[in-house]
Amino acid sequence: MSVSTVERDVEVRTGRRWRLRPRTPDVAVVAGYLALASWLTSGQWGRPDRLFHQAGDQILFEWMLARAARAVAALENPLWSDALNAPDGVNLMANTSVLGLGVPLAPVTLLFGSQVAFEVAVIGCLAGTATAWYVLLRRRLVESRLAAAVGGLVCGFAPGMVAQAGSHLHMAAQFLVPVILALVFVPEAADRAGSPDAWSQVWRPGVLLGLVVTYQVFLGEEVLLFVALAAGVFVLGYALADRVTARRLAPVMAGRIGVGAVVAGALLAYPLWFQFFGPGHYRGMPFHAIAYQLDAASFTATARQTVFGDHRLPALLAPNATEENSFFGPGLLVLALVVTVWLWRRPLVRALAACGVVFALLSLGARVRLDGALTDLPGPYRLIAELPLLDHVVPARFSLVCVPVLGILLALSVDRVRRHPATAGAPPDPVPVRLLWAGAVAAALLPLAPTPIRTVPTWPVPAFVAEGTWRAYVPAGRTLVSVPPVTNAGQSPAMLWSARTGLAFTAPGGFFIGPRSPDDPAARWGAPDRPTSLLLRRVADTGEVPQISEADRRQAVADLRHWRAAVVVQGGLHHGDPVRRTVEALLGPAREVDGALIWDVRPLVG
């Protein structure tokens with residue numbers, strides 16, 4: 001629960017308290033983080049025809065950023081939107097709406113578009129997380145600026161962070177995690193100094209904690225859950241390692257948490273009600289989270305987006321490219337083990353090690369997998385798999401907690417080596433300790449050096465949509481239907497077009513989580529499928545043109561009426577010609593207008 005003797009030594013000796021006054025080296029460290037994050041996103045700058053590797057996820061978050069900007073500009077409800085999934089709309093609070101990024105980035109989105117805003121968000125998440133950990137380490141745990149910089153680098157740019165950043169903004173936005181921990185845990189030096197001012201010890205940090213937790217909810221609730229779980233495990237580990245200090249600091253920490261809970265509860269009451277009980281709410285998840293586990297061999301493997309990474313092995317050891325959350329390599333794990341043994345006498349190190357081991361084991365799922373094969377060894381995740389909230393957590397993401405654990409351990413070791421003075425009168429070391437440790441750290445981290453996030457091609461927004469030609473075909477209250485009209489977890493052309501045009505039109509379907517029906521709140525991807533959307537998606541996937549019957553044509557008209565369609569638009573598709581012939585069999589000949597095939601269906605739907 002205390003932040004260690006090092007913190008006490010640093011604060012007492014230097015007089016540094018909470019405020020960090022930026023100096024040239026600090027600015028240089030942050031600039032380095034920003035430069036690295038910018039380079040990692042370089043594959044997409046100025047390339048509207050490229051998306052990061054999990055293209056569907058980027059489309060989702062581009063749309064969320066565009067929706068937040070629209071809510072700010074038009075003063076609309078940020079928790080709900082009817083611009084997607086016509087005619088029912090989407091509960092944005094029940095989805096990963098990342099309002100904590102979208103609202104402050106609204107000027108960027110409005111001026112430069114959703115793609116630029118997404119790239120800026122990725123840079124901010126990576127560099128911001130590294131910077132926040134750098135500040136916390138520098139203020140609380142280490143004296144050496146180099147040690148803090150190395151720790152921040154690991155915390156912000158570990159393989160798992162880079163993998164998540166390319167697709168899942170809500171998981172990569174961890175820059176408030178160090179702030180939350182700083183507000184929860186009591187500086188031991190401050191406690192020993194003795195302060196009778198309850199406001200400075202409990203109330204002020206508690207109020208700030210409530211505000212920061214509230215903001216984190218609008219960044220990503222899953223990260224907040226991980227922080228709470230990791231803090232609990234850490235507290236337990238620290239209490240076992242140093243009961244006297246834990247007992248002394250517990251009242252103040254509990255007071256901060258209590259005050260923070262009251263503040264956050266008051267601020268989040270309505271948003272959370274809207275999420276769980278508002279229109280478009282759902283129950284459960286549309287997939288089995290328990291299936292998303294890591295392979296035990298992944299911890300010593302190399303992620304695909306590193307200098308020595310490949311695409312074959314990681315694909316066998318992680319659920320997908322976005323969930324490569326471990327992949328620390330053997331060097332870093334061996335180094336962490338050495339540090340733990342070396343600094344074992346420190347309660348902080350013992351608590352960190354315990355926390356890292358617990359969450360690494362949880363990421364292995366209910367049944368351990370090794371080298372791609374399921375074993376008979378049960379995983380500890382099965383003990384918590386059915387608990388509320390935890391039954392929605394993807395097990396593979398538990399290993400993200402190991403990232404800051406390793407970063408802190410590495411920072412502590414570098415700081416210890418840099419502060420290692422030769423004892424007066426003692427013979428000099430035969431080999432400089434600093435040089436040896438610098439080599440060990442470099443050998444562990446260089447194989448994990450990230451490479452630019454991989455991109456994949458996407459069809460550009462057709463000029464018919466991008467330049468607003470569609471407005472002549474879509475009156476108020478009607479929708480633009482893209483082909484295929486995806487209504488589940490597939491990539492949605494309409495969602496990308498909507499994001500890139502600032503939600504200029506209303507469309508059916510989309511990539512989101514919603515209820516199966518108004519009477520069944522069970523979760524599913526997107527809206528309930530309509531027969532025509534299923535038909536056209538099958539053609540787009542296979543390239544096979546089916547026989548179209550009169551019943552299919554009547555069903556197409558019924559579906560278009562349900563969607564309140566005015567115009568059907570086909571842009572670029574992999575199987576574009578088979579899809580065109582199928583739609584023409586349903587609706588009649590297409591017209592080519594401004595780079596798109598269109599069907600004016602107003603005469604059909606009335």
Side-chain angles (χ1 to χ4, degrees), residues 1-20 132-133 135-142 176-217 223-269 343 345-356 358-359 389 401 404-405 408 412:
M1 292 169 64
S2 163
V3 292
S4 83
T5 305
V6 168
E7 175 197 337
R8 182 168 65 255
D9 293 342
V10 170
E11 290 195 355
V12 170
R13 184 166 60 254
T14 65
R16 293 185 304 173
R17 304 303 296 175
W18 279 90
R19 292 186 178 86
L20 177 66
W133 280 108
V135 173
L136 179 63
L137 288 166
R138 186 89 170 93
R139 293 302 303 160
R140 289 288 191 91
L141 297 175
V142 300
L176 290 185
V177 171
V179 181
I180 293 172
L181 296 177
L183 292 169
V184 168
F185 293 111
V186 184
E188 184 179 347
D191 175 76
R192 289 185 181 276
S195 173
D197 186 357
W199 169 254
S200 65
Q201 285 291 308
V202 175
W203 291 99
R204 182 168 58 185
V207 171
L208 290 174
L209 177 63
L211 296 175
V212 175
V213 165
T214 299
Y215 199 94
Q216 179 61 51
V217 166
V223 167
L224 183 60
L225 177 61
F226 285 150
V227 172
L229 292 173
V233 173
F234 176 84
V235 165
L236 179 60
Y238 199 99
L240 293 174
D242 188 351
R243 297 182 183 180
V244 175
T245 301
R247 189 179 300 112
R248 185 176 68 251
L249 298 178
V252 176
M253 190 181 75
R256 293 181 176 189
I257 294 174
V259 173
V262 171
V263 172
L267 295 173
L268 293 171
L343 304 178
R345 296 182 63 182
R346 295 180 59 177
L348 173 64
V349 171
R350 279 179 274 173
L352 284 170
C355 189
V358 166
F359 282 88
L389 295 181
V401 174
V405 167
I408 295 172
L412 293 175

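Across G210 and A264, no two heavy atoms sit closer than the pair O-CB, 3.7 Å. Closest approach of A351 and Y238 over heavy atoms only: CB-N, 3.6 Å. Contact record, I408 with W133: CD1-CZ3, 3.8 Å, taken as the closest heavy-atom pair. Of all non-hydrogen atoms in C355 and V233, the two that sit nearest each other are CA-CG1, 3.8 Å.
The closest donor-acceptor contact from the side chain of R256 to the backbone of Q201 lies under 3.5 Å. Under a 3.5 Å cut-off, the side chain of R350 and the backbone N or O of R345 do form a donor-acceptor pair.
In this structure, CZ in F185 is found 7.5 Å from CD1 in I257, a value given to the nearest 0.5 Å. Here L348 contributes atom CG and T245 contributes atom OG1; the two are 11.5 Å apart, rounded to the nearest 0.5 Å. Separation of atoms CD (Q216) and CG (L268) is listed at 11.0 Å; rounding is to 0.5 Å.
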I'd like a table of donor-acceptor pairs (distance under 3.5 Å, sequence neighbours excluded) in which one partner is a side-chain atom from residues 176-184, with atom names and distances.
none

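Here the side chains of L209 and V259 are not in contact, with every heavy-atom distance at 4.5 Å or above.
Residues passing the ring-ring contact (aromatic ring centres under 6.0 Å, His included) test with F226, sequence neighbours excluded: F398. Taking A354 as the reference, nothing meets the side-chain contact (heavy atoms from CB on, under 4.5 Å) condition, with sequence neighbours excluded. For V349, the side-chain contact (heavy atoms from CB on, under 4.5 Å) partners are T340, L343, R346, L409, L412, not counting sequence neighbours.
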